[in-house]
Structures are given as C-alpha cells and as structure tokens.
There are 2 protein chains.
Amino acid sequence: MSRPKSSVTILDVARLAGVSPASVSKVLNDRPGVSKKTRSAVLDAIEKLNYQTNHIARSLRMNRSFSVGVITDDIEGVFTTTLVRGIEDSVREWGINVFLCNSYGKVELERDNIEALLAKQVDGLILMNGFKVTGRGLPAAPTGHIPVVYLYQYSDSPTIPAVIPDDVQGARLAVEHLTSLGHRRIGVVGGPLNYEAVNKRLEGYRQVLDEQGIAFDPHLVLFGEWTQAEGYRLTRQLLELPEPPTAIFTMSDLTAIGVAHAIVEKGLRIPVDISLTGFDNRFFSRNQLPPLTTVELPLYEMGKKAGELLHASIAGEAPPPQRHVIPCRLVLRESTAPPRK
Amino acid sequence: MSRPKSSVTILDVARLAGVSPASVSKVLNDRPGVSKKTRSAVLDAIEKLNYQTNHIARSLRMNRSFSVGVITDDIEGVFTTTLVRGIEDSVREWGINVFLCNSYGKVELERDNIEALLAKQVDGLILMNGFKVTGRGLPAAPTGHIPVVYLYQYSDSPTIPAVIPDDVQGARLAVEHLTSLGHRRIGVVGGPLNYEAVNKRLEGYRQVLDEQGIAFDPHLVLFGEWTQAEGYRLTRQLLELPEPPTAIFTMSDLTAIGVAHAIVEKGLRIPVDISLTGFDNRFFSRNQLPPLTTVELPLYEMGKKAGELLHASIAGEAPPPQRHVIPCRLVLRESTAPPRK
DNA sequence: TTGAAAGCGCTACCAG
DNA sequence: CTGGTAGCGCTTTCAA
C-alpha cells in the first residue's frame, strides 16, 4: 500500500549545493534575493540529482494546487473534446493540469464531482456543456471561494462568467453569404425554440433580412428536433410552399443531411436549384454531396478563453462577470450558389 | 495570490468532538480501534462543521495522491471520449480522479506531460491511443515506480499491460454472421496492413473461412486507407471481378460509406444483391441507407478495464503484464441478408 | 543575501 | 481504546 519514497527533496539539493533549503526554494520559484553564485550552485545540484518538485507539498504549503477541475455534462458530446483541448492548451502554459469529470447531466453526480474536486483543492472550476438548452444558475454544490466559469453554457448567475459562441454573428455569416449571392427567399430549418442558440441564430437571420430590406416571411422558418429525420420532414414542408425558398439556412449539419435528402428527392439539385448552408462544421460536412457550406463553431478558442478567464481569476484579477462571446467562422464549400434566374 | 484558508481542519473537528485528531483520522479512514461513542461524536462534529478532508495534506502524508494521469495522443479522436468515460467511471469508485492530458502524438509533449503528472504525484498512468498502428515500447519519459497501463495500444514492453479490443473475435462475429446467412464469397475491404488491428481482423476472417471449408481467395481481399474514397475505389475493383462477392466485410464504418456508394452506383441493392458489414459502430452507421450491420468496439469496457488494472497495481496487486483482450459485439441492422439464389 | 525555523493538514506510530 | 507527537516536502517570515 505504501510506496517507496525514492524521490530527492529540496533538502538533498540544499546539502549538495551547500546552501539552505530556503535558498533552493527561492531559486526554484525565481524569487529575488539570491546571489548569482548561490543560484548556479543550486541549479547544478538540481541537475545532478535530477530533482523534481513535489507539487503536493508545495500545494499544501501554498494552499494552491495548480490544477483545475472541468466537469462536463456529456463527455461523449460531439463538441466536448475540442473544448477540452482548448482548455488544456491554455492552462498548461501556467503549469496547471486539468481534472476531467463527467456528470452525465445528473445533479447528484455534479455535486459529488464538485465536492471531490474541492477536496483535491482545485484552484478553479469549469462547468461545461455540449449543447445546453438554456441558461443555468449556480453549480450543484457550493464551490467555496474558488472561481468558476461556464463554458458553452449561458449563465443566469451574475457572478459566474460564461463563454459562448456568437450565434447571432454565426447566423449572420451564413445568411449574409446567401443574400450576397442574390437570394431573397431564404428558408430556415431550425432546432427547438427552447434553445437559446436557436433564438440567437434566428435573431441573426432577421437582422440580415432587415438590413437587406427583405420582408420576414413566417412560412419560411420552421423549427424542430436536431435530427436528420426532422430536417427531411421540415424541408418537404418548405418545398411544398406556393413560393418555395431558393436557399435554406439550416441550424445544424446533422439536420442538413436530411434537408439535402428532401431536396434531392424532389428532383432538385444543390446548389443549382437551391442553396444550402449548415451549422457546426462537423467532420462529415466536407464529405456531403456536394460538400456543405457551413458555420464553424469556435470551440477551441472558447476552451482557450475559458482557461484564460479562469487563470485570471485564480491570479486575483477579477474578470468582468459577463458573457464572453466568441465569433464563428464561415466555411465556404460547394452547396451554395446564386439563385437561378 | 494567496487564498483564504477558511477551511475547517481535523483539529477543529477533534476539539468540538472532545477527542484527539488521531481518533478523528481513524474515523475518517474507517480504521479499527475506535469506540462507538468516539466514532459518533466525531461524526457529529464533522456534520456540524461541514468538515471536508483536505486531500492535499493527506496525499503529502500518505505519499499517494488518489489521482491518476491519462495521456492521449489525440483527444479529439473518435474513440477517445468513450475510453475516458470508462476510465473515469471505474476509478471514481475508488475516490480517484483523472488528470487528462493531450500529447498531440508528440514525443516532447508526452514527456512534459509525464513529468508534470509525476510532479503532481499521480498514483498511476494510462497512456492511450485512438488508433495506433503498431505496438509501442516505453513511455517518452521514465515513469519512476508508478504503474502504467496502455489502452487501445498494443504493448511491446513486457512490463506494461495493454488493454485492446478483440479484433480477431470481432471480425469473426461479422464473418460468421455472413456465412450463417449462406454467403460463401465474402469480399474484404480492409485498412492499411501495417495496422495490427487489420491483421487481426484478417486473421478472424480466415479462421471462419477455414472452419466453414471455404477456400481463401486473395482476389477478394483488398486493403487501403481508412477513408470513404478508398472504400469506394476498392469496392469498384471487387465488383469487376469475374465472380464478384455476394457480401463485403468492411473494416471501418467510414470506409463502408464509400463501399455502399460503389454498390449502389453499380445498380446493386443492399442487402438484396449484396450484403455489407462495417466495423466500429460509429454514430452514423445507424442512419445509413440501409442501416449498417456492424461490429461494436468495446470502448467503454476497455476504459473500465484499464482503470481496474491500474487500481489493482496501485493497490499492490501486481497484474499479469499481458494483453487484456476485450470482446466486441455484433450490431445487427439491415445491411445483411441471405445471398440471392 | 542568507538560513533557521515555523508551520500547511493530515496519518501513523507508539506509549499510556 | 485513546491521544500525544513526529514528520511528509515545501514556502515564507524574520532575524542575522
């Protein structure tokens, strides 16, 4: 059960260098007040002994663990790993490691995870969500005095900053692209209306319409589940309109597959007869026939931002507790073209 | 920089309960040698003060951090998160948390990560891989005395146990299903031959052929990249054979999409004219037309097993340093049927 | 500039 | 069964 304690300590280094442990510590932490001579002696000894800091001891003393916790509702969610990669890349620069926990979206598990992470003395917490419907209030357990940030998750709490994609701007990107091509009748195949993201994207759509002087036609915008089947169903509806759209703005790449099926089935061609845009830039969208023009979510950047925010809070710089909105990017492929005359 | 140390310690508990810190510790750790009375007094005090163990202090004292490190080559790999979920679920039972690190497949980064994790005094390490070509030797940095296990990664090191899927058995599942349906000419669209998994799956294929008294026809088995395009290309080749196969065993679901394209393009129907099986059970395989019969990789179970193995090693039960092969599962859908007579 | 010493919160030994 | 106490490896204060 107990493990060998072979490791060399700061004391060993001090002895070899002929100085005190205090000086070694100063060198290790780049603190002032140590002579060139002492410094190099210490460095030599560290090298010679292959000394490695024991972070546990340091953590106990400093009351700071140099680790943060990340709790996700859905570790297998399609957006999760890119977000985590961003977090990891940003905090690693500060010598911080991340504990990853999965809560399966269960409150009790989130509570257990928070408590476990707190006991491990994490310096901060990121609560993350693949695709959450609406904003959320406080975490499932009190998080004490450590900073918390929400990632891909609207925050209802005034004290907790949230990092989210700019859904309004993302939608604008797609719709502006379509209008600039000359489209005036642009259909919308959206997700469920109880998603904040769906409302934001709708807002972006309407903004562009307004700016272009295009009247909003409610028959042209339909909402439903985030599925292929739903995309198919809604699109059939759209195509049966007396005056069908010449382009369709879809709010998810997965749904867009169903949209494409319905279009093709109707004997129409993409993009000649009808243009199509997706959202998310999932891996398969480049392999669609034709390759799908879509809006890329800034997942990696969001993860990085969340890490930076958390680090800033840990370092004491209170970040403005607000929404941090990260812009999306348009990925042009071959599913869009000017409308037929 | 320094944070408030509001936390209540074991000493506070001891004082309130009117006992010694030693007794509190015993209660906390379920150690024998404490009377019912003392025990309940302690429990009361813990409750009253809302005491939370400081794991850092405990770790320093016990030389054991109750955390393990997981290093992955590719955090965004399609198999990664399910593996991690398995690990997490298994080690959580033991009060262990996981540090997740991404090495991008770079040796230097793996080394840095190992060193950082060692400094954090992790109790063990799991090195994980999405889809690695062949076996690997030692980790990129010495791991000291802590146990290491490879996950989804063949091991060339006699001292490091590896958890891998049973590719032979998985292939057998698919091919036996096909032969039991009556197929005798079964084509193979495989991945690159330098992958261990590809060779194993080929072995499974040949085993079943042998058992069924079907002659191995080298013209029927083709290998190439793990892509859709390659599946398409190889299948066209297969279909131009003087005596084309009545079924195709594909070694990845992604490739199978290309295979299906080639079949349909040729005017053949799945499964009426030709049966098709995939491998991996990726999320999209159920949405193929027709839904794809495929072999599911036991990713979650593999993660669990790796966690268990690691925990056993940490607890001192030296695990047999060998391959731990986890069986696959056949997912029957609609892309397979008896051959036409 | 240096180092002696006091702990951080906990566990484990050992004497009562 | 109980509790006093040493000490895990480190940082930090403070006096020299």
Side-chain angles (χ1 to χ4, degrees), chain A residues 1-42 45-46 49-67 95 118-121 123 144, chain B residues 1-42 45-46 49-67 95 118-121 123 144:
Chain A
M1 192 66 188
S2 85
R3 16 207 55 266
K5 33 197 76 172
S6 59
S7 52
V8 12
T9 79
I10 216 174
L11 218 78
D12 301 314
V13 174
R15 266 197 291 265
L16 181 60
V19 301
S20 77
S23 300
V24 177
S25 173
K26 282 173 200 155
V27 171
L28 246 24
N29 296 289
D30 263 325
R31 296 257 188 291
V34 50
S35 66
K36 281 238 174 311
K37 200 165 125 284
T38 305
R39 163 174 224 81
S40 73
V42 168
I46 287 176
L49 296 173
N50 188 28
Y51 167 81
Q52 299 285 129
T53 305
N54 180 331
H55 270 73
I56 294 286
R58 144 191 280 227
S59 295
L60 179 59
R61 182 57 231 247
M62 297 178 74
N63 203 29
R64 174 113 161 53
S65 68
F66 294 90
S67 56
L118 251 28
K120 291 245 159 92
Q121 315 293 117
D123 300 331
Chain B
M1 192 64 189
S2 86
R3 17 206 57 264
K5 33 196 75 172
S6 60
S7 52
V8 13
T9 77
I10 216 174
L11 218 77
D12 302 313
V13 174
R15 265 196 292 265
L16 181 61
V19 301
S20 77
S23 299
V24 176
S25 173
K26 281 173 198 154
V27 171
L28 247 23
N29 295 287
D30 263 326
R31 295 256 190 291
V34 51
S35 67
K36 282 238 175 309
K37 200 164 124 283
T38 305
R39 163 175 224 82
S40 72
V42 168
I46 287 176
L49 296 172
N50 188 28
Y51 166 82
Q52 299 285 128
T53 305
N54 180 330
H55 269 73
I56 294 286
R58 148 191 278 226
S59 295
L60 179 58
R61 181 56 233 244
M62 297 180 74
N63 203 29
R64 175 111 162 56
S65 68
F66 293 90
S67 57
L118 251 27
K120 291 246 158 90
Q121 314 294 117
D123 299 333

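Fair warning: this is a prediction, and the values are worked out from it, not measured in the lab.
- A straight line from CG of A/L49 to P of D/dG9 spans 14 Å, rounded to a whole angstrom.
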Notebook entry, point to check: Does the side chain to side chain contact (heavy atoms under 4.5 Å, CB included) test come out yes or no for B/V24 and B/Y51, once each step is laid out?
Noted result: CA-CA 11 Å; B/V24 176; B/Y51 166 82; 5.7 Å; no
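- Going from atom CD1 of B/I46 over to atom P of C/dG9 covers 16 Å, rounded to whole Å.
- Of the side-chain N and O atoms in A/S59, none sit less than 4.0 angstrom from OP1 or OP2 of C/dC8.
- Atom NZ in A/K37 sits about 7 Å away from atom P in C/dT2, given to the nearest Å.
- For the side chain to side chain contact (heavy atoms under 4.5 Å, CB included) with A/V42, the lone residue among A/V19, A/I10, A/L16 that qualifies is A/V19.
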Note to self: Could you go through B/L60 and A/R58, starting from their C-alpha distance and side-chain angles, then the distance that decides it, and tell me whether this counts as side chain to side chain contact (heavy atoms under 4.5 Å, CB included)?
What the structure shows: CA-CA 9 Å; B/L60 179 58; A/R58 144 191 280 227; over 6 Å; no
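- Annotation for A/Q121 and B/I56: closest pair CG-CG1, 3.1 Å, computed over non-hydrogen atoms.
- The interatomic distance linking A/R39 (CZ) with C/dG3 (P) rounds to 15 Å, in whole Å.
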Checklist line | Annotated protein contacts, base or backbone, on nucleotides 10-16 of chain C with a non-hydrogen cut-off under 4.0 Å, one of B, S, - each | finding: BBB----
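- Straight-line distance from the CD atom of A/Q121 to the P atom of C/dC8: 14 Å, rounded to whole Å.
- Checked against side-chain hydrogen bond (donor to acceptor under 3.5 Å, both in side chains), B/S40 has no partners two or more places apart in sequence or in another chain.
- With DNA chain D read from its 5' end, the first of the two nearest nucleotides for B/L60 and B/K36 is the one closest to B/K36.
- Spacing between atom CG of A/N63 and atom C1' of C/dG7 amounts to 13 Å, rounded to whole angstrom units.
- Rounded to whole angstrom, the span from the CD1 atom of B/I56 across to the C1' atom of D/dC10 amounts to 12 Å.
- With a 4.5 Å cut-off on side-chain heavy atoms, B/L49 and B/V13 count as touching.
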